[in-house]
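Heads up: the structure comes next, in structure tokens.
Sequence lines set the chain letters: A, B, ... in the order given, protein chains first and strands last, and positions in each chain run from 1.
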There are 2 protein chains.
Amino acid sequence: MNNTKDSRQLREMMRLLERKLGILEESEVACCGITMAQCHALVEVGRAKNISLNELAELLNLKNSTMSRTVNNLVNSELVKRDIDPQDRRYITISLTESGTKIYEGIEESMNLYYKRVYDWIPEDKRGQVMESLQILLEAISKNECCK
Amino acid sequence: MNNTKDSRQLREMMRLLERKLGILEESEVACCGITMAQCHALVEVGRAKNISLNELAELLNLKNSTMSRTVNNLVNSELVKRDIDPQDRRYITISLTESGTKIYEGIEESMNLYYKRVYDWIPEDKRGQVMESLQILLEAISKNECCK
DNA sequence: GAAATATATTTGCATATTACAACTGTTGTG
DNA sequence: CACAACAGTTGTAATATGCAAATATATTTC
């Protein structure tokens, strides 16, 4: 059947997509003077406004020990701050500093501009289809999570 | 206009896609006892059959110094081998060993199976559209590479 | 109310990745 | 033959990664 051929083609396109997105992100973080891992953390903190270390680690699929050290480095660079939760001192609350917010907003802006350019490039009569297709693909991937 | 809203939605879906693919790959490499970077290298070597360090570094968007060390670790684990090109001794030829080939084929097989499951999950009348949409998206991304 | 248990985070340790700069060896050119 | 260019390696240093053990705090049990 043709499904094998098509599914391999699907895989190949996904590989290329991932490759290109990786390159995009690397050029993005090069401008900020932080590392990729720090950038991922900073963006998630920016989006959440306040977040625990545990939650951040979960979002980024990292161990708490790794997360703790990445956050340490961001604190040292004065991009984020750590506060102890007054209600439960086991918890820390991570949030962006003013300079961290600037970097975060810069990343958001340039990524939004980039995706606007990508979107605008898509032929108008194909846009709905592309958006729907991505939705379907995300759902297909979600429903087939690694149950090896 | 609605383009801003749509392009942000596009970005959000791309983020989710990348997140899920990252998780997929991490579960994949966990089974092989190698690291993510080594896995990427191994797969590219497997696909190329023979490749120079320079070409491999370019494919993976890494510096030659980094590539050299990752390849060293794969050589130490006896998964790849390095041979000096007899015609031009500046070059090395990197290829998989027998055990490297086994791991490579295992990865290929499980990834192919995974994408077949994803593909089969997509409603039959939507498959053509999904494939075409990915093609369009890849082209849009290619045409908008980071010219900040 | 004290002890045991659970939870959140940190730290020691070890390995790998990453890139810059400098280096070594080889090939091509004038 | 000397110099330039190319491919790859190595020293150095910073960062990332996770396991195991540790610390501090909160909750549960008796």
Side-chain angles (χ1 to χ4, degrees), chain A residues 22-23 25-45 48 50-95, chain B residues 22-23 25-45 48 50-95:
Chain A
I23 292 169
E25 288 188 1
E26 277 177 43
S27 71
E28 192 58 44
V29 305
C31 306
C32 307
I34 61 180
T35 67
M36 185 78 74
Q38 291 171 1
C39 184
H40 287 155
L42 193 127
V43 165
E44 292 304 334
V45 173
N50 288 293
I51 191 167
S52 70
L53 189 124
N54 201 353
E55 289 173 296
L56 184 60
E58 218 168 307
L59 263 178
L60 297 176
N61 204 36
L62 294 170
K63 293 303 183 188
N64 290 2
S65 50
T66 304
M67 200 73 265
S68 185
R69 270 181 269 256
T70 300
V71 167
N72 275 352
N73 288 334
L74 287 169
V75 168
N76 288 343
S77 304
E78 298 181 346
L79 299 178
V80 308
K81 59 190 169 183
R82 251 199 191 87
D83 295 296
I84 295 174
D85 187 316
Q87 287 173 338
D88 189 330
R89 293 201 307 281
R90 292 175 294 182
Y91 283 83
I92 61 168
T93 291
I94 304 163
S95 56
Chain B
I23 292 171
E25 287 189 1
E26 277 177 42
S27 70
E28 192 59 44
V29 304
C31 306
C32 309
I34 60 180
T35 67
M36 186 78 75
Q38 290 170 2
C39 184
H40 287 156
L42 193 126
V43 165
E44 293 303 335
V45 173
N50 289 292
I51 193 167
S52 71
L53 189 126
N54 203 354
E55 289 174 297
L56 185 60
E58 217 168 307
L59 263 178
L60 297 176
N61 202 37
L62 295 171
K63 295 301 185 191
N64 289 2
S65 51
T66 304
M67 201 72 265
S68 185
R69 271 184 262 255
T70 300
V71 168
N72 277 352
N73 288 335
L74 288 169
V75 168
N76 288 343
S77 305
E78 298 180 344
L79 298 179
V80 307
K81 60 190 170 188
R82 254 199 189 89
D83 296 297
I84 296 173
D85 187 315
Q87 287 173 338
D88 190 328
R89 293 202 305 282
R90 291 176 293 184
Y91 284 83
I92 61 168
T93 291
I94 304 163
S95 55

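Each side chain to side chain donor-acceptor pair (under 3.5 Å) pair with one or both residues in residues 78-87 of chain A, not counting sequence neighbours, appears once here: A:N72-A:R82.
By the salt bridge (Lys or Arg N to Asp or Glu O under 4.0 Å) test, A:D88 pairs with A:R90, sequence neighbours left out. A:S77 pairs by the side chain to side chain contact (heavy atoms under 4.5 Å, CB included) definition with A:L79, not counting sequence neighbours. Considering only residues two or more places apart in sequence or on other chains, A:N64 meets the side chain to side chain donor-acceptor pair (under 3.5 Å) condition with none of them. With sequence neighbours left out, the side chain to side chain donor-acceptor pair (under 3.5 Å) criterion links B:S68 to no other residue. For B:E25, the side chain to side chain contact (heavy atoms under 4.5 Å, CB included) partners at least two apart in sequence or on another chain are A:E18, B:M36, B:H40. Considering only residues two or more places apart in sequence or on other chains, A:N61 meets the side chain to side chain donor-acceptor pair (under 3.5 Å) condition with B:E26. Applying the side chain to side chain donor-acceptor pair (under 3.5 Å) test to B:E44 and every residue at least two apart in sequence or in another chain returns A:R15, A:R19.
Scanning both residues, B:A41 and B:L74, for their nearest heavy atoms gives CB-CD1, 3.9 Å. For the pair A:S52 and A:I94, the tightest heavy-atom approach, listed with the atom from each and the gap, is C-CD1, 4.2 Å. Across every non-hydrogen atom of B:S95 and B:N50, the tightest pair is CB-OD1, 3.6 Å.
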Contact pattern, 5' to 3', of nucleotides 2-8 of chain D - B, S or - by protein heavy atom under 4.0 Å: ----BSS
What does the B/S/- profile of nucleotides 12-19 of chain D look like, 5' to 3', with a 4.0 Å heavy-atom cutoff to protein? B--SSBBB
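Side-chain contact between B:L59 and B:I51: present, with at least one pair of heavy atoms (C-beta onward) separated by less than 4.5 Å.
Nucleotides of DNA chain C lying under 4.0 Å from heavy atoms of chain A occupy a range whose first and last members, 5' to 3', are C:dT7 to C:dC13.
For the helix from C:dG1-D:dC30 to C:dG30-D:dC1, the rotation axes defined at the first and last 5 base pairs enclose an angle of 10°, given to the nearest 10°.
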